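Heads up: the structure comes next, in structure tokens.
No experiment lies behind these values; they were computed from the predicted model shown. A, B, ... follow the sequence lines: proteins, then strands. Residue 1 opens every chain. Quick note: numbers below take in every heavy atom, side chains included, and nothing from hydrogens, waters or symmetry partners.
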Number of protein chains: 2
Amino acid sequence: MARPTMEDVAARAGVSRALVSLVFNNSPKVSDRRREAVLTAADELGYQPHVMARALASRTSTVLGVMVSDLRNAFFADVIEGLESAAREAGFELVLNSGSRSPGREKAALRSLLSFHPAGVVLLSPVLPASAIEAAARTCPVVLVSRGSRLSTVDTVNDDGVAGSALAVEHLVSLGHRRIAHLDGGTATTAAARRRGYRLAMKAHGLTPVVLPSEHTDTAGEKAVHHLLATVSRADRPTALFCGNDFNAFGAISALEEEGLRIPDDISVVGYDNTSFSALRRVSLTTVDQPRLEMGRLAVEALLERVRGERTAPARHLLHPSLVPRGTTGVPPN
Amino acid sequence: MARPTMEDVAARAGVSRALVSLVFNNSPKVSDRRREAVLTAADELGYQPHVMARALASRTSTVLGVMVSDLRNAFFADVIEGLESAAREAGFELVLNSGSRSPGREKAALRSLLSFHPAGVVLLSPVLPASAIEAAARTCPVVLVSRGSRLSTVDTVNDDGVAGSALAVEHLVSLGHRRIAHLDGGTATTAAARRRGYRLAMKAHGLTPVVLPSEHTDTAGEKAVHHLLATVSRADRPTALFCGNDFNAFGAISALEEEGLRIPDDISVVGYDNTSFSALRRVSLTTVDQPRLEMGRLAVEALLERVRGERTAPARHLLHPSLVPRGTTGVPPN
DNA sequence: CTACACGCTTGGAGCGCTCCAACCAATAGA
DNA sequence: TCTATTGGTTGGAGCGCTCCAAGCGTGTAG
């Protein structure tokens, strides 16, 4: 398992170690003859430069640290896919860590990322205290995804939940709906922005917002719908529901069908997140999509701008979600 | 951004650099007085050992390379979660790469992982040629997940699709079903084992296997069911369907309901993979669960056994899936 | 024919750390 | 009292690489 070093390649090619280094860094001041000799020698030996040694000697790092609160959440997996492809294109490598939604764990995870002396760190929805983030930012560039910050030393990438809700409301209004209720996400981190966006959009259209308490689960969606139908008269019943997320919407749909309502003929439903099952033909849920890959790419970009010293002012990316119209929305009854 | 080094800590604590190293490696031969002096000095300076420098000097690595073919696939995300937690417990860090299902990309990804001189490498369902895997195994321990190998130098971790199918068949048989059809997964990598397991289990019970061509998508499931109902007489119709995966099962269910069949009263359906939506109350799909986290943990374990030289014989982990009985299965009609 | 620039090449110092041999009390045994 | 022994500590070499100053041969101008 002993791997060849630059020294070995140099010896075999009959040149000095420094020349080999120049070749592997694509220096223009190497004669073609030598370059080829080095390259073939390296090839024969199966030589590969040692990233760690290079990092140490060059005082630069090609490592990006990534801490994710929950990998199993498809949202983060998508963002990481975006991070990964952007990092690869820029010649960087991802070191990955999971924080498991616990501040203690996250602190340890961050420590261990920083011990790589990475070029930068991406924190996906961390629950870490701001002070810890600030401390990390003194060490290397830091980007926060799905979490805001007022620190001028850290960049942020978020989706615009206010705009996303507006899209949903616009869509329903343009179909002719006027009584549109929102099934709230409760304490979920994304719920506040979505609720606010809903309220604003409704008022902008001169409509009365109706926020029904719920949660980001299918059972909560069912419960909220049953409660709604039991307490509101037929005439006052909303003709459309804008749900906090797709799971909630799915539960709402189940309950509506159970109560004998047809979708979208009797009532329209919009979700949020564009999870994989919302595209299933049977579900065909109209929903709001966050540009998750794009968020990952932007995070890497922000990091690299700092690394290259192109920017010192904080970046505040607020990404525009998009509406994915499918089969659960239509014109209101009558 | 200049971070303190061991030298700085040594100077501040009034000791030598070597002593600081001993402290940070928990050497027993350091007096308590010195240890404490070093620790407080390190704390005041915000010192953290540099993993890369340590790796270089100690000729050991705490890095595990992970190449995943598709991060957005929830299956891999779960396996990586398992890898991550096992790695963390053992004091290792994950360097992550995506191969994007292209042999060329995967080769490049593997190269870049190896350039870290990792302690070991985990390849998640690679499409890489065996020769490339063999070459990598000459460099460091390699574990394959969701892919077999006959190389004695690499370990493998797979789920036992044959056993998983058997579980599904057993479950249906124990409910009283005798006409059980299988919606095949076609060319999907996991399909062959599931098909074989189904056939074996059916024969073991003296039943006739019926394999209906399909694919691992919801639309394919729908199509297969419509075709089945159109071509098979009521009397010969299966009383249960064992689908290649959850998506396929979901499509099958949609089609069955569309044709006026009630589930599970008229026909039972079993999926495979236990994807997140199969647990939704409305879906409540009986399915087969693979121990994904466990697979990740075992991969790390296998790697570490090789690293520590505890084993040279290849490990062949074949994990037992488990049945998750939910609402789509019941006793057959009559 | 010398000067001197230019292009290519090289040795050496050093990145932050580990690890080994050597060292230095302080104590114990003879 | 003198030597072993032991527990604690240290300087130095070196991991694989980069980068700089310096070297060297060749070509061109003076």
Side-chain angles (χ1 to χ4, degrees), chain A residues 1-39 41-42 45-63 91 112 114-119 139-140, chain B residues 1-39 41-42 45-63 91 112 114-119 139-140:
Chain A
M1 302 248 174
R3 299 173 58 176
T5 75
M6 206 168 241
E7 201 74 54
D8 301 330
V9 176
R12 178 172 254 261
V15 298
S16 73
R17 189 187 61 257
L19 214 241
V20 178
S21 172
L22 289 176
V23 169
F24 274 91
N25 288 298
N26 286 318
S27 165
K29 36 176 147 187
V30 177
S31 63
D32 289 347
R33 199 168 55 83
R34 304 281 190 168
R35 181 183 303 276
E36 203 177 330
V38 167
L39 253 20
L45 257 44
Y47 169 77
Q48 265 195 295
H50 191 315
V51 174
M52 303 221 186
R54 176 184 291 205
L56 199 60
S58 67
R59 270 138 280 201
T60 62
S61 175
T62 56
V63 163
S112 111
L114 291 178
S115 71
F116 274 84
H117 290 224
T139 294
C140 70
Chain B
M1 300 251 175
R3 299 172 60 175
T5 76
M6 207 168 241
E7 201 75 53
D8 301 329
V9 176
R12 179 172 253 262
V15 299
S16 73
R17 189 189 59 254
L19 214 239
V20 178
S21 172
L22 290 176
V23 168
F24 274 91
N25 288 297
N26 287 319
S27 164
K29 34 175 144 185
V30 176
S31 65
D32 290 346
R33 199 168 56 85
R34 305 280 194 174
R35 181 183 302 276
E36 203 176 330
V38 167
L39 253 22
L45 258 44
Y47 168 77
Q48 264 196 296
H50 190 315
V51 174
M52 303 219 188
R54 177 183 293 205
L56 198 60
S58 66
R59 272 139 278 201
T60 61
S61 176
T62 56
V63 163
S112 109
L114 291 178
S115 71
F116 274 84
H117 289 225
T139 294
C140 69

A:Glu7 CD to D:dG14 P, in whole Å, measures 12 Å
Distance check needed: D:dG25 P versus A:Arg33 CZ, whole Å only.
14 Å
Starting at CZ of B:Arg3 and ending at P of C:dG16, how long is that distance when rounded to a whole Å?
11 Å
Side-chain (B:Arg35) to main-chain (B:Leu22) donor-acceptor, under 3.5 angstrom:
no
Give a yes/no answer on whether the side chain of B:Ser58 brings an N or O atom under 4.0 Å of OP1 or OP2 in C:dT18.
no
Whole angstrom value for the distance that separates P of D:dG16 from CG of A:Leu45:
13 Å
Among D:dG16, D:dT18, C:dC17, which nucleotide sits nearest the side chain of A:Leu56?
D:dG16
Figure out the CZ/P separation between B:Arg17 and D:dG8, and round it to whole Å.
21 Å
Is the phosphate of C:dG16, meaning OP1 or OP2, less than 4.0 Å from a side-chain N or O of B:Arg54?
no
Using five base pairs at each end, measure the axis-to-axis angle across the helix from C:dC1-D:dG30 to C:dA30-D:dT1 and round it to 10 degrees.
60°
Please assess A:Arg17 against A:Thr5 for the test side chain to side chain contact (heavy atoms under 4.5 Å, CB included), listing each intermediate value before the final yes or no.
CA-CA 9 Å; A:Arg17 189 187 61 257; A:Thr5 75; over 6 Å; no
Has B:Arg34 got a side-chain atom pairing as donor or acceptor with B:Asp32's backbone, closer than 3.5 angstrom?
no
Contacts to DNA chain D from residues 18-32 of chain A, heavy-atom cutoff under 4.0 Å, which residues?
A:Ala18, A:Ser21, A:Asn25
How many Å lie between CG on B:Asp8 and C1' on C:dC17, as a whole number?
13 Å
Starting at atom CE of B:Met52, determine the distance to atom P of D:dT18, rounded to an integer number of angstrom.
14 Å
Out of D:dG16, C:dC17, C:dC19, which has the shortest distance to the side chain of B:Tyr47?
C:dC17
Validation row: A:Val63, B:Met52 side chains within 4.5 angstrom (heavy atoms)
yes
Note, A:Asn25 side chain near A:Arg54 side chain (heavy atom, < 4.5 Å)
yes
Closest heavy-atom contact between B:Ala41 and B:Val9?
CB-O, 4.0 Å
On DNA chain D, nearest-nucleotide positions of A:Val51 versus B:Val15: which is more 5'?
B:Val15
Does the gap between the ring centers of B:Phe116 and A:Phe116 come in under 6.0 Å?
no
Non-hydrogen atoms of B:Ser21 and B:Met6 that approach each other most closely:
CA-CE, 3.4 Å
Grab the two heavy atoms, one from A:Cys140 and one from A:Pro118, that are nearest each other, plus how far apart they are.
CB-O, 3.8 Å
Give the rounded distance in Å between these two atoms: CZ of A:Arg59 and C1' of C:dC17.
14 Å
